[in-house]
Amino acid sequence: MASAASLFNEVRRCTICAEHLPLGPRPIFQLHPQAHILIVGQAPGRKAHESGVPFSDASGDRLRQWLGLTPEVFYDAKQVALIPMGFCFPGTGKGGDLPPRPECAPAWREKLLRQLKQLQLTLVIGQYALDYHLPDAGTSVTSAVQSWREHWPHTVPLPHPSPRNNMWLRRNPWFEKELLPQLRARVAEVLEGKS
Ligand code: SF4
């Protein structure tokens, strides 16, 4: 079996769906085998493609606030793994960024997830990540997130933290009142090694 380092290098050189990527391949993920928390997003946006840093935007600020994490901890690969459903910016359509490229998960996902030997908590963000990691959680993001207690304490479905979801947050106040306080406590517990 390939070492983690050679696997990561293989992914970073990937060009499988290059012909579909408007800005070309630039796989972005954060992974160390010691990480206790996995955050599964959709795919990098244009800003992340340019900077090489995932969640370095308003969505990332909100996600860190939801989790009670500083940027230092969030970007510490030995604590938090960031493995989106697609590793390269897929381009933009009429309604915002396009879905993660469908070639990516079958090519790499299982191999990379197997590297996480100490995983204790998986946070699943948005429809594409939910379809893969919690396929039975519900037919919509709302119903999946509403079912969060069924997956507790190892997997937590979340809506996307994008400012585009402000309306969703207003319509679902239970998310911030009930789920987030428990999630923050769970994240702190895992990172303190108490789980
Ligand atoms: S999106 Fe995934 S499959 Fe496509 S080039 Fe990037 S790493 Fe490879």
Side-chain angles (χ1 to χ4, degrees), residues 28-31 35-45 48 54-55 57-69 74 80-90 92-110 112-114 116 119-191 195:
I28 296 172
F29 61 96
Q30 169 176 306
L31 200 171
H36 284 27
I37 295 177
L38 166 63
I39 298 176
V40 183
Q42 312 244 97
F55 287 112
D57 55 9
S59 296
D61 290 341
R62 177 178 271 163
L63 179 59
R64 286 183 283 279
Q65 186 251 328
W66 283 357
L67 305 178
L69 293 180
F74 186 86
V80 177
L82 304 172
I83 308 182
M85 292 306 300
F87 297 146
C88 302
F89 172 57
T92 308
K94 282 184 189 155
D97 285 356
L98 293 172
R101 284 304 311 172
E103 299 87 347
C104 205
W108 300 116
R109 199 147 193 84
E110 283 303 316
L112 288 175
L113 294 179
R114 277 202 295 271
L116 292 168
L119 185 60
Q120 293 171 20
L121 175 60
T122 300
L123 308 177
V124 186
I125 298 174
Q127 190 67 61
Y128 297 99
L130 287 164
D131 288 346
Y132 186 94
H133 285 269
L134 287 174
D136 300 322
T139 53
S140 68
V141 170
T142 302
S143 60
V145 179
Q146 280 173 329
S147 74
W148 64 277
R149 288 183 180 85
E150 294 171 25
H151 316 288
W152 193 265
H154 299 298
T155 308
V156 182
L158 294 172
H160 200 281
S162 164
R164 295 167 68 99
N165 261 348
N166 285 347
M167 181 67 82
W168 188 95
L169 293 170
R170 277 198 291 278
R171 284 183 179 151
N172 296 279
W174 52 268
F175 173 74
E176 291 186 316
K177 281 192 188 127
E178 296 170 28
L179 195 162
L180 285 190
Q182 301 227 33
L183 178 58
R184 270 186 217 113
R186 175 70 181 140
V187 166
E189 177 186 62
V190 167
L191 293 181
S195 69

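Here the structure is a predicted model, which is why all the values come from computation and not from measurement.
- Between E176 and W66 the shortest heavy-atom distance is OE2-NE1, 4.3 Å.
- Under the rule for a side chain to side chain donor-acceptor pair (under 3.5 Å), the partners of H151 that lie at least two apart in sequence or sit in another chain are S147.
- L130 contributes atom CG, which lies 10.0 Å from atom CE of M85 (distance to the nearest 0.5 angstrom).
- Taking the side chain to side chain donor-acceptor pair (under 3.5 Å) definition, one finds that W174 meets it with N172, sequence neighbours left out.
- Heavy atoms only, all atoms of each residue included: P44 and P90 are closest at O-CD, 3.6 Å.
- Annotation for L113 and H133: closest pair CD1-CE1, 3.8 Å, computed over non-hydrogen atoms.
- Judged as a salt bridge (Lys or Arg N to Asp or Glu O under 4.0 Å), the pairs with a partner in residues 100-110 (not counting sequence neighbours) are, in order, R101-E103.
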Legend entry - Verdict with supporting geometry, L169 and R62, side-chain contact (heavy atoms from CB on, under 4.5 Å): CA-CA 12 Å; L169 293 170; R62 177 178 271 163; 3.5 Å; yes

Legend entry - Worked check of side-chain contact (heavy atoms from CB on, under 4.5 Å) between V141 and N165: CA-CA 11 Å; V141 170; N165 261 348; over 6 Å; no

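- A donor-acceptor contact under 3.5 angstrom links the side chains of D131 and Q127, judged on distance only.
- F87 is linked by a ring pair (Phe, Tyr, Trp, His ring centres under 6.0 Å) to F29, counting only residues two or more places apart in sequence or in another chain.
- In terms of heavy-atom proximity, W148 sits nearest to L179 at CG-CD1, 3.4 Å.
- For E178, the salt bridge (Lys or Arg N to Asp or Glu O under 4.0 Å) test picks out R149, with sequence neighbours left out.
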Could you pull out all donor-acceptor pairs under 3.5 Å where a side-chain atom in residues 154-163 meets a protein atom, sequence neighbours excluded?
| unit_1 | atom_1 | unit_2 | atom_2 | d |
| --- | --- | --- | --- | --- |
| H154 | ND1 | Q120 | O | 3.3 |
| H160 | ND1 | S162 | N | 3.0 |
| S162 | OG | R164 | N | 2.9 |

